[in-house]
Asks: 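Here it is, the structure in full.
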Amino acid sequence: MKRVLMFLPVVLVVVLGVVLFAGIGKDPNRLESALLGKPVPPFSLASLRDADQTLGPDVFRGQVSLLNVWGTWCPACRDEHDDLLWLARQKGVRIVGLNYKDNRDDALKWLSTLGDPYALNIFDPRGTLGFDLGVYGAPETYFIDPEGIIRYRHVGVVNQKVWDEKFQPLMEEYGESGS
Amino acid sequence: MMPTVRACLMMVLVLSSAMAAAQSRDVYQFDTERMEQRFQTLTAELRCPKCQNQNIADSNAPISEDMRNEVYRMMRNGASDREITEALVARFGEFVRYKPEVNQRTILLWVSPALMVTIGLLVVVFTVRRSGRKTANDDVLTDEERARAARLLNDRDENGSSS
């Protein structure tokens, strides 16, 4: 009995080691969305290009979309812009933009100078839809299935690696056409 | 010269932080002391998803401001503390709770401190008891052992004096 007890500290240390080791390499800033498996929250916001056009959750019906949260104030959004263009043009991915806490003129100028990868843009100057989505920084990109259900959230820039590892497999799972 | 400059800098720092604190308090109007108290408690118990080691009361992140606004708005509309917390958890996840709910996933978190203290106490109790038993046993020597001990002690004395 005493012998067994003697090894108890060793066992404890090993268990602690395994637990701590599992945490290494995990980025604590990447939180899982609380909305996974849930529909896009209801909203009624203007289109960025056309202030008179009102958009709602039905823009996500019928086909797979990426919902990309961006703003001209966000340097990382500039970084990922070229990759979004590549996705839209080369891969034919439908990207819905959520122009978050931004200024309409700035946003339109950004799209005309840098190119427009978005099928359409939701204009959210006060960040209300962003808030309901649990957006806590830009850029964030959501994978939304044809039913309008959120399947995945990526915090940070989307690049080819992220596409290959995260979004491409989802595309194969939920999209009919794939890439 | 230098101390004066430093003193001035300190003044500026202290004043600016005091002003920042005052500003954030002035943003919201409260009808009663109790309501303000509730707001302070709630915002202190909610964690900022962006700057993860701060609560939303202390954080300057835009998202914390949004969250404070939402807490305030819901409070004005008569929502309970629980409803407010749950509305934010629904958006940002369990993560925003500084005080996680007791459930299957968090039970270990809640009981482990008590568990550790209990284990520690048990170890202490066992150790004390065992050492107590040992000394009690040591006191009891048979006559034979006593004689042997005396012999050994005498031997050592003799050896010690001779060297």
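Protein chains get the first letters and strands the later ones, always in sequence-line order, with residue 1 at the start of each.
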Asks: For residues A/Trp86 and A/Leu114: do they belong to one hydrophobic cluster (side chain heavy atoms under 4.5 Å, members Ile, Leu, Val, Met, Phe, Trp, Tyr)?
Replies: yes
Asks: Enter the distance from B/Glu70:CD to A/Thr128:OG1 here, rounded to the nearest 0.5 Å.
Replies: 10.5 Å
Asks: Measure across B/Lys50 and A/Tyr136 and return the closest heavy-atom pair with its distance rounded to 0.1 Å.
Replies: CD-O, 3.0 Å
Asks: Honestly curious: do B/Ile84 and B/Phe95 fall in one hydrophobic cluster under the side-chain, below-4.5 Å linking rule?
Replies: yes
Asks: How far apart are the closest heavy atoms of A/Ala34 and B/Gly93, and which atoms are they?
Replies: CB-N, 3.3 Å
Asks: For residues A/Leu85 and A/Leu108: do they belong to one hydrophobic cluster (side chain heavy atoms under 4.5 Å, members Ile, Leu, Val, Met, Phe, Trp, Tyr)?
Replies: no
Asks: What part of B/Val96 gets closer than 4.5 Å to chain A, counting heavy atoms only: side chain, backbone, both or neither?
Replies: neither
Asks: Would a hydrophobic clustering, with Ile, Leu, Val, Met, Phe, Trp and Tyr connected at side-chain separations under 4.5 Å, put A/Tyr174 with A/Tyr152?
Replies: yes
Asks: Do A/Phe131 and B/Tyr28 land in one hydrophobic cluster if side-chain heavy atoms of ILVMFWY residues count as linked below 4.5 Å?
Replies: yes
Asks: Measuring from A/Arg126:CZ to B/Asn69:CG, what's the distance to the nearest 0.5 Å?
Replies: 8.5 Å
Asks: Would you give the length of the straight line joining atom CZ of B/Arg91 to atom CG of A/Leu35, rounded to the nearest 0.5 angstrom?
Replies: 9.0 Å
Asks: Using a cut-off of 6.0 Å, state whether more than 12 heavy atoms not belonging to B/Tyr98 lie near its atom OH.
Replies: yes
Asks: Do you know the tightest heavy-atom contact between A/Val135 and B/Ile63?
Replies: O-CD1, 3.1 Å
